[in-house]
> 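Dropping a structure here in C-alpha coordinates format, bear with me for questions.
Below, each value reflects all heavy atoms present in this structure, side chains not excepted, and no hydrogens, waters or symmetry copies. Just so we're clear, the structure is a prediction, and the values are computed from it rather than from any experiment.
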Amino acid sequence: QVQLVESGGGLVQPGGSLRLSCAASGRIFEINDMGWYRQTPGKQRELVAVITSGGGTNYADSVKGRFTISRDNAKNTVYLQMNSLKPEDTATYYCNAQIRPSSNYYRNTYWGQGTQVTVSS
(Lines give C-alpha, C1' and ligand atoms only; values in the text may rest on other atoms or scores of the structure.)
Protein backbone atom coordinates (compact mmCIF):
# COMPACT_ATOMS: atom_id res chain seq x y z
CA GLN A 1 0.00 0.00 0.00
CA VAL A 2 3.05 2.24 0.31
CA GLN A 3 5.11 2.94 -2.77
CA LEU A 4 8.35 4.86 -3.27
CA VAL A 5 9.17 5.97 -6.80
CA GLU A 6 12.57 7.40 -7.73
CA SER A 7 13.28 9.62 -10.70
CA GLY A 8 16.04 11.83 -12.06
CA GLY A 9 18.73 9.29 -12.83
CA GLY A 10 20.64 9.28 -16.08
CA LEU A 11 23.98 9.76 -17.78
CA VAL A 12 26.10 12.75 -16.83
CA GLN A 13 29.69 13.82 -17.47
CA PRO A 14 32.25 13.99 -14.67
CA GLY A 15 31.89 17.27 -12.82
CA GLY A 16 28.25 17.55 -13.78
CA SER A 17 25.15 17.63 -11.62
CA LEU A 18 22.03 15.56 -11.21
CA ARG A 19 19.00 15.79 -8.94
CA LEU A 20 17.20 12.69 -7.77
CA SER A 21 13.64 12.69 -6.46
CA CYS A 22 11.69 10.09 -4.52
CA ALA A 23 7.99 10.43 -3.88
CA ALA A 24 6.13 8.29 -1.37
CA SER A 25 2.48 7.49 -1.96
CA GLY A 26 -0.24 5.24 -0.63
CA ARG A 27 -1.32 4.67 2.94
CA ILE A 28 0.83 7.08 4.91
CA PHE A 29 0.23 8.37 8.39
CA GLU A 30 3.72 9.56 9.18
CA ILE A 31 7.12 9.54 7.49
CA ASN A 32 10.16 9.55 9.71
CA ASP A 33 13.69 9.21 8.32
CA MET A 34 14.21 9.29 4.56
CA GLY A 35 17.42 8.53 2.77
CA TRP A 36 19.38 7.51 -0.28
CA TYR A 37 21.50 4.40 -0.70
CA ARG A 38 23.49 3.20 -3.67
CA GLN A 39 24.71 -0.15 -4.93
CA THR A 40 26.97 -1.48 -7.66
CA PRO A 41 27.24 -5.12 -8.82
CA GLY A 42 29.13 -7.27 -6.35
CA LYS A 43 29.04 -4.68 -3.58
CA GLN A 44 26.80 -4.14 -0.58
CA ARG A 45 24.28 -1.37 -0.60
CA GLU A 46 25.81 1.66 1.09
CA LEU A 47 24.35 4.70 2.75
CA VAL A 48 24.70 7.93 0.78
CA ALA A 49 22.65 10.36 2.84
CA VAL A 50 19.86 10.40 5.41
CA ILE A 51 17.53 13.16 6.54
CA THR A 52 15.34 12.99 9.63
CA SER A 53 11.81 14.32 9.94
CA GLY A 54 13.28 17.29 11.79
CA GLY A 55 15.76 18.07 9.03
CA GLY A 56 18.92 16.61 10.52
CA THR A 57 21.26 15.12 7.92
CA ASN A 58 24.08 12.61 7.69
CA TYR A 59 26.30 11.90 4.68
CA ALA A 60 28.80 9.30 3.63
CA ASP A 61 32.33 10.68 3.73
CA SER A 62 32.71 10.12 0.00
CA VAL A 63 29.92 12.56 -0.86
CA LYS A 64 30.30 15.24 1.81
CA GLY A 65 30.50 18.68 0.29
CA ARG A 66 29.16 17.46 -3.05
CA PHE A 67 25.72 16.00 -2.32
CA THR A 68 22.81 17.62 -0.51
CA ILE A 69 19.75 15.79 0.76
CA SER A 70 16.47 17.62 1.37
CA ARG A 71 12.79 16.85 1.75
CA ASP A 72 9.39 18.37 1.13
CA ASN A 73 7.07 16.94 3.75
CA ALA A 74 3.97 18.38 2.07
CA LYS A 75 4.78 16.31 -1.02
CA ASN A 76 6.15 13.27 0.83
CA THR A 77 9.25 13.66 -1.29
CA VAL A 78 12.98 13.45 -0.64
CA TYR A 79 15.62 14.86 -2.97
CA LEU A 80 19.31 14.31 -3.54
CA GLN A 81 21.19 17.10 -5.27
CA MET A 82 24.44 15.69 -6.64
CA ASN A 83 27.16 18.08 -7.74
CA SER A 84 30.75 17.57 -8.90
CA LEU A 85 29.91 14.02 -9.87
CA LYS A 86 32.71 11.49 -10.22
CA PRO A 87 32.85 8.19 -12.12
CA GLU A 88 32.92 6.37 -8.78
CA ASP A 89 29.46 7.78 -8.06
CA THR A 90 28.10 5.49 -10.76
CA ALA A 91 25.56 3.15 -9.16
CA THR A 92 21.92 2.33 -8.77
CA TYR A 93 20.47 4.74 -6.25
CA TYR A 94 17.68 3.58 -3.97
CA CYS A 95 15.28 5.65 -1.95
CA ASN A 96 14.54 4.54 1.60
CA ALA A 97 11.89 5.72 4.03
CA GLN A 98 10.61 4.79 7.45
CA ILE A 99 6.84 5.08 7.30
CA ARG A 100 3.92 4.49 9.66
CA PRO A 101 0.82 3.45 7.64
CA SER A 102 -1.42 4.53 10.52
CA SER A 103 -1.30 5.43 14.18
CA ASN A 104 -2.10 1.80 14.98
CA TYR A 105 1.09 0.52 13.34
CA TYR A 106 4.72 0.98 14.18
CA ARG A 107 6.94 2.30 11.42
CA ASN A 108 8.30 0.02 8.70
CA THR A 109 11.12 0.42 6.21
CA TYR A 110 10.28 0.81 2.52
CA TRP A 111 12.48 0.84 -0.56
CA GLY A 112 12.10 2.23 -4.04
CA GLN A 113 12.96 0.25 -7.17
CA GLY A 114 16.10 2.25 -7.84
CA THR A 115 17.28 4.70 -10.45
CA GLN A 116 20.52 4.37 -12.41
CA VAL A 117 23.16 7.07 -12.26
CA THR A 118 26.08 6.81 -14.66
CA VAL A 119 28.96 9.28 -14.58
CA SER A 120 31.12 8.94 -17.67
CA SER A 121 32.73 10.94 -20.45
Side-chain angles (χ1 to χ4, degrees):
Q1 294 183 346
V2 175
Q3 186 178 46
L4 272 56
V5 179
E6 302 102 333
S7 63
L11 175 64
V12 65
Q13 295 182 341
S17 298
L18 210 59
R19 192 189 194 199
L20 305 183
S21 298
C22 173
S25 62
R27 187 181 179 185
I28 300 173
F29 172 74
E30 179 183 85
I31 300 179
N32 299 108
D33 294 355
M34 303 186 80
W36 290 94
Y37 291 71
R38 66 187 181 187
Q39 187 172 27
T40 57
K43 298 183 181 295
Q44 290 186 322
R45 190 171 299 183
E46 65 174 354
L47 172 69
V48 177
V50 170
I51 184 167
T52 68
S53 59
T57 59
N58 186 42
Y59 298 90
D61 289 340
S62 60
V63 306
K64 287 182 179 178
R66 300 188 298 118
F67 291 10
T68 301
I69 188 171
S70 62
R71 63 192 289 170
D72 186 337
N73 291 330
K75 296 181 178 180
N76 292 332
T77 300
V78 62
Y79 306 94
L80 184 67
Q81 178 66 47
M82 303 183 292
N83 298 325
S84 302
L85 284 163
K86 305 175 181 179
E88 50 263 44
D89 294 319
T90 296
T92 301
Y93 284 71
Y94 296 90
C95 177
N96 171 272
Q98 296 180 359
I99 300 174
R100 295 179 66 189
S102 75
S103 61
N104 294 323
Y105 290 87
Y106 197 71
R107 64 187 180 187
N108 292 319
T109 299
Y110 297 88
W111 292 92
Q113 295 300 307
T115 184
Q116 180 66 36
V117 172
T118 301
V119 185
S120 177
S121 298

> Tell me who clusters with Phe29, hydrophobic residues only, linked when side chains sit under 4.5 Å apart either directly or through other members.
none

> Roughly how far, to the nearest 0.5 Å, is the CE atom of Met34 from the OG1 atom of Thr57?
14.5 Å

> Are any side-chain N or O atoms of Glu46 and backbone N or O atoms of Arg38, one a donor and one an acceptor, separated by less than 3.5 Å?
no

> With rounding to the nearest 0.5 angstrom, report the CG to CG distance, Asn96 to Leu4.
8.0 Å

> Count I, L, V, M, F, W, Y as connected when their side-chain heavy atoms are under 4.5 Å apart, and connections chain through other members. Are Ile99 and Tyr37 then in the same cluster?
no

> Is there a path of hydrophobic side-chain contacts, each under 4.5 Å between heavy atoms of I, L, V, M, F, W or Y residues, that connects Leu47 with Tyr94?
yes

> Hey, mind stepping through Gln98 and Tyr106 against side-chain contact (heavy atoms from CB on, under 4.5 Å) and telling me if it holds?
CA-CA 10 Å; Gln98 296 180 359; Tyr106 197 71; over 6 Å; no

> Do Tyr59 and Val50 belong together in a cluster built from hydrophobic side chains that touch within less than 4.5 Å?
no

> Are there over 12 heavy-atom neighbours, none belonging to Gln44, within less than 6.0 Å of that residue's CD?
no

> Any side-chain heavy atom of Val48 sitting closer than 4.5 Å to one from Phe67?
yes

> When you measure from the side chain of Arg66 to the backbone of Ser84, do you find a donor-acceptor pair of N or O atoms at a distance under 3.5 Å?
yes

> Return all side-chain donor-acceptor pairs below 3.5 angstrom for residues 68-80, not counting sequence neighbours, or 'none' if the list is empty.
{"unit_1": "Arg71", "atom_1": "NE", "unit_2": "Asn73", "atom_2": "OD1", "d": "2.7"}
{"unit_1": "Arg71", "atom_1": "NH1", "unit_2": "Asn32", "atom_2": "O", "d": "2.8"}
{"unit_1": "Arg71", "atom_1": "NH1", "unit_2": "Ile51", "atom_2": "O", "d": "3.3"}
{"unit_1": "Arg71", "atom_1": "NH1", "unit_2": "Thr52", "atom_2": "O", "d": "3.0"}
{"unit_1": "Arg71", "atom_1": "NH2", "unit_2": "Asn32", "atom_2": "O", "d": "3.1"}
{"unit_1": "Arg71", "atom_1": "NH2", "unit_2": "Asn73", "atom_2": "OD1", "d": "3.3"}
{"unit_1": "Asp72", "atom_1": "OD1", "unit_2": "Ala74", "atom_2": "N", "d": "3.1"}
{"unit_1": "Asp72", "atom_1": "OD1", "unit_2": "Lys75", "atom_2": "N", "d": "3.4"}
{"unit_1": "Thr77", "atom_1": "OG1", "unit_2": "Lys75", "atom_2": "O", "d": "2.9"}

> Any side-chain heavy-atom pair from Cys22 and Tyr93 closer than 4.5 angstrom?
no

> How far does CD of Gln1 sit from CZ of Arg27, to the nearest 0.5 angstrom?
5.5 Å

> In Å, rounded to the nearest 0.5 Å, how long is the span from CD1 of Ile28 to CD of Gln3?
10.0 Å

> Does the distance from a Lys or Arg side-chain N to an Asp or Glu carboxylate O, for Asp61 and Lys64, drop under 4.0 Å?
yes

> Taking the side chain as every heavy atom from C-beta outward, state whether Gln81 and Ser17 have any pair of such atoms under 4.5 Å apart.
yes

> Is the closest side-chain heavy-atom distance between Trp36 and Glu6 below 4.5 Å?
yes

> Taking a hydrophobic cluster as the set of Ile, Leu, Val, Met, Phe, Trp and Tyr residues connected by side-chain heavy atoms closer than 4.5 Å, whether directly or through intermediates, do Met82 and Val63 fall within one such cluster?
yes

> Could you tabulate the donor-acceptor pairs under 3.5 Å formed by side-chain atoms of residues 111-121, not counting sequence neighbours?
{"unit_1": "Thr115", "atom_1": "OG1", "unit_2": "Gly9", "atom_2": "N", "d": "3.3"}
{"unit_1": "Gln116", "atom_1": "OE1", "unit_2": "Thr92", "atom_2": "OG1", "d": "2.9"}
{"unit_1": "Gln116", "atom_1": "NE2", "unit_2": "Ala91", "atom_2": "O", "d": "3.4"}
{"unit_1": "Gln116", "atom_1": "NE2", "unit_2": "Thr118", "atom_2": "OG1", "d": "3.4"}

> Find the distance between OG (Ser53) and CD1 (Ile31) and round it off to the nearest 0.5 Å.
10.0 Å

